[in-house]
Amino acid sequence: MIAEKSTALVFPPFEDQVPSWEPGEGRLPEIHLYFGSRCNRECDFCVVFGSPRGWMAEVDEELLEALLDLLHPQAQLKIYGGEPTLLAANLRWVFAELRQRGFAGRFTLFSNGIQSARLLELLEADDNSCCVLNYSILTGTHAEPLPSAALRQLTEYARRHPGRLFAGHPDLVEVGRAQQWGREQLRQRTDFDHACPRCFPVATTRGRYHACPFAVENNSPHYDLGDLHTPPQEVERRYGIFLDWLDEVLVPQAQSRGCHPCTLCTQAAGQLPLPKYGQETIAAFLPQ
Ligand code: SF4
Ligand code: SF4
């Protein structure tokens with residue numbers, strides 16, 4: 001395990017400044033862009049079942065246009081999978097196109113850092129970009145650590161370019177493959193203070209809007225905010241309703257069962273009443 005103190009000096013913890021937002025503002029200040037679960041690692045605790053056999057799809061023109069409609073021009077676009085360096089050429093195209101069309105916000109990549117040269121090329125492609133490195137792999141906690149050559153290259157870059165490379169959060173939740181991970185090991189990690197971190201929604205390269213980046217591989221209608229033809233105001237409205245559902249249904253139910261809200265989402269979301277998106281919407285979400 002790499003000493004946490006020395007790691008934090010080079011790669012400071014990523015401070016996620018949650019932007020203020022009220023339903024009805026018209027544009028979201030943050031969106032996650034998810035391109036699939038393909039990864040060059042297969043971590044035991046991965047919330048998206050990341051693996052070399054995972055799926056991956058590129059961002060296309062239709063998704064790009066939808067993102068421009070939904071994102072505030074100064075927003076943060078968080079890009080994750082899977083491993084973004086496996087999609088580097090497509091992501092460089094996304095950076096260039098969004099800039100050309102007026103997007104002035106920040107690109108934040110979530111990477112394991114193993115393909116360090118490719119990752120640094122991606123950062124160099126846009127001045128207002130940064131990368132959050134997977135905490136477990138960066139520190140070798142419950143995961144095989146970064147290869148030493150990659151760690152050296154990233155360390156040198158971080159020293160020369162402060163504010164571009166960060167360490168991710170150490171928190172783990174019982175979502176995805178982590179459901180099968182040992183309870184004892186999960187107990188050794190923090191879990192967002194036993195609360196739902198209330199993330200901003202996800203746009204996936206399969207053309208859907210999903211309410212939670214952790215549960216993105218869960219197709220329950222509870223999370224479905226629409227597809228690329230859903231007007232941005234409607235996506236935003238449903239996201240507001242989803243947040244109300246967290247407060248009114250999920251969190252109280254988790255408290256009464258004495259479990260983490262993520263555990264309830266993973267194991268029993270289907271047994272909970274749906275968010276009040278509206279009857280027509282719900283009917284469209286349900287499997288035919
Ligand atoms: S946790 Fe990250 S590095 Fe590990 S398999 Fe999942 S996506 Fe890949
Ligand atoms: S509680 Fe549910 S919505 Fe919140 S982060 Fe966990 S899986 Fe996502």
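In this text, all values refer to a predicted model and were calculated from it rather than measured experimentally. Just so you know, ligand 1 is whichever comes first in the structure, and atom 1 is the first atom listed for that ligand. In this chain, residues are counted from 1 in sequence order.
- The side chain of C39, and not its backbone, has at least one atom closer than 4.0 Å to an atom of ligand 1 (non-hydrogen atoms only; side chain from C-beta on).
- Contacts with ligand 1 closer than 4.0 Å are made by no heavy atom of N40, backbone or side chain.
- Residue L250 places a heavy atom under 4.0 Å from ligand 2.
- Only the side chain of N134 comes within 4.0 Å of ligand 1, judged by heavy-atom distances.
- For the residue pair T266 and E174, no side-chain donor N or O sits within less than 3.5 Å of a side-chain acceptor on the partner.
- Of all protein heavy atoms, the one lying nearest to atom 6 (Fe) of ligand 2 is C262 SG, 2.3 Å.
- Below 4.0 Å from some heavy atom of P197 lie the following atoms of ligand 2, by number and element: 5 (S).
- Shown in contact with C212 at under 4.0 Å from a heavy atom are these atoms of ligand 2, numbered in order with element: 3 (S), 5 (S), 7 (S), 8 (Fe).
- Inspection of the S111 and E83 side chains reveals an N or O donor paired with an N or O acceptor under 3.5 Å.
- Between E236 and R27 there is no salt bridge, since no side-chain nitrogen of the basic residue lies less than 4.0 Å from a carboxylate oxygen of the acidic one.
- The contact set between ligand 2 and P261, taken as ligand atoms under 4.0 Å from a residue heavy atom, comprises 1 (S).
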Q. Given F35 and W55, is the ring pair (Phe, Tyr, Trp, His ring centres under 6.0 Å) satisfied, shown in steps?
A. CA-CA 8 Å; F35 56 81; W55 72 275; 8.2 Å; no
